[in-house]
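Heads up: the structure comes next, in structure tokens.
These figures come from a predicted structure and were not determined experimentally. The figures that follow rest on heavy atoms only: side chains count, while hydrogens, waters and symmetry mates do not. First the proteins, then the strands, lettered A, B, ... as listed; each starts at 1.
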There are 2 protein chains.
Amino acid sequence: MKREKIKTTPRCQRSNCPVACTLDLLGDKWTLLVIRDLFMGKHTFKAFQESPENIPSNVLAERLKRLENEQILQRKLYQERPPRYSYHLTDKGRDLGPVLQAMLMWGNTHVPGTMSKEDIDKLIQGAHG
Amino acid sequence: MKREKIKTTPRCQRSNCPVACTLDLLGDKWTLLVIRDLFMGKHTFKAFQESPENIPSNVLAERLKRLENEQILQRKLYQERPPRYSYHLTDKGRDLGPVLQAMLMWGNTHVPGTMSKEDIDKLIQGAHG
DNA sequence: CCGGATCCGGTCTGATACTG
DNA sequence: CAGTATCAGACCGGATCCGG
């Protein structure tokens, strides 16, 4: 299982603007949702899949690999046989908290999103073990 | 020129999570770059095109329409013949400042982005007439 | 059953060319 | 200058398969 090579992971693809560079890494419909789930305390492939947005398994697998490559998350073997992995934010990944929080605020203000306050607080607080 | 109908602009497509809703609107490689440019004081189609990321003209046109539909920006006729429009953030659009700022911070910290400090400050300050 | 990998049709993106 | 038309190719997402 070659976890080394992903198709596209050059550093700054389009310009030297930090916003553009960030968008090159996270600028799609799914990546930040995986990160949201990590902040929410989800750690397994299955948990990510069970989020209400129903991410396809191949997309999820690819995103996890990419985020691992970028050292935004770490993958840990937590069970030998059968092999089971859990995914955890690195410091670099945890630094995305403000991005997520800003999006949460904006969505909450400008879209009739109905996420519960508890979940929001849970998300804002951040991650853990 | 029918500026009313865009293909996909339902409100919350995938879930009621504010983050997911926000990503449904802005979660692609280009939209937030247009917003960044607006914050940087750019207002015309040409100015957006001249950004170093080289957004294709059709993508730019589609994004501008969508953002206008979502009332994130406003389009103003500033010249009669030939008709010329300028684009400006609404309050809703200006509220995206923190999202942009958070991405800017993260990119600046974790990617060797080399945008000048002046431009960053300019961006952070926000928009204007 | 879980964590993916593979296949595959359809959609969307983006480079280029074109128009008013 | 401000877009629209076109179109090949990339990508998404659903289904299915498979190793442990």
Could I get the full list of side-chain contact (heavy atoms from CB on, under 4.5 Å) partners for [X], not counting sequence neighbours?
X: A:Glu50; answer: A:Lys46
X: A:Pro98; answer: B:Ala102
X: B:Asn58; answer: B:Pro56

Rounded distance in Å - [atom1] ([X]) to [atom2] ([N]):
X: A:Glu50; N: C:dC1; atom1: CD; atom2: P; result: 13 Å
X: B:Glu62; N: D:dA5; atom1: CD; atom2: C1'; result: 15 Å
X: A:Arg66; N: D:dC11; atom1: CZ; atom2: P; result: 9 Å
X: A:Gln49; N: D:dT16; atom1: CD; atom2: C1'; result: 14 Å
X: B:Glu68; N: D:dA2; atom1: CD; atom2: C1'; result: 14 Å
X: A:Leu60; N: C:dT6; atom1: CG; atom2: P; result: 16 Å
X: B:Leu77; N: D:dG3; atom1: CG; atom2: P; result: 11 Å

- Message: Return a single string for nucleotides 14-20 of chain C, one symbol per nucleotide in 5' to 3' order, where B is base contact, S is sugar-phosphate-only contact and - is none, cutoff 4.0 angstrom on heavy atoms.
- Response: BB-B---
- Quick one: is D:dA2 close enough that its OP1 or OP2 comes under 4.0 Å of any side-chain N or O from B:Tyr87?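 For B:Tyr87, the contact criterion (side-chain N or O under 4.0 Å from OP1 or OP2 of D:dA2) is not met.
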- Task: Tell me whether the OP1 or OP2 atom of D:dA2 has a side-chain N or O from B:Lys46 closer than 4.0 Å.
- Result: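 Result: no.
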- Message: Can you tell me which nucleotide in C:dG4, D:dG3, C:dG3 comes closest to the side chain of A:Tyr78?
- Response: C:dG3
- Among the candidates C:dG3, D:dA2, C:dA5, find the nucleotide nearest to the side-chain atoms of A:Lys65. C:dA5
My understanding is that only residues two or more places apart in sequence, or in another chain, count here; which of them pass side chain to side chain donor-acceptor pair (under 3.5 Å) with [X]?
X: B:Asp95; answer: A:His110
X: B:Asp37; answer: B:Ser51
X: A:Ser86; answer: A:His88
X: A:Ser15; answer: B:Glu53

- Message: If the threshold is 4.0 Å, N to carboxylate O, is there a salt bridge linking A:Arg66 and A:Glu62?
- Response: yes
- Message: Could you check whether any side-chain heavy atom of A:Asp28 comes within less than 4.5 Å of a side-chain heavy atom of B:Asp28, counting everything from C-beta outward?
- Response: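 When only atoms from C-beta onward are counted, B:Asp28 and A:Asp28 do not touch, as no gap falls below 4.5 Å.
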- Given axes from five pairs at either end, by how many degrees does the helix from C:dC1-D:dG20 to C:dG20-D:dC1 bend, rounded to 10°? 20°
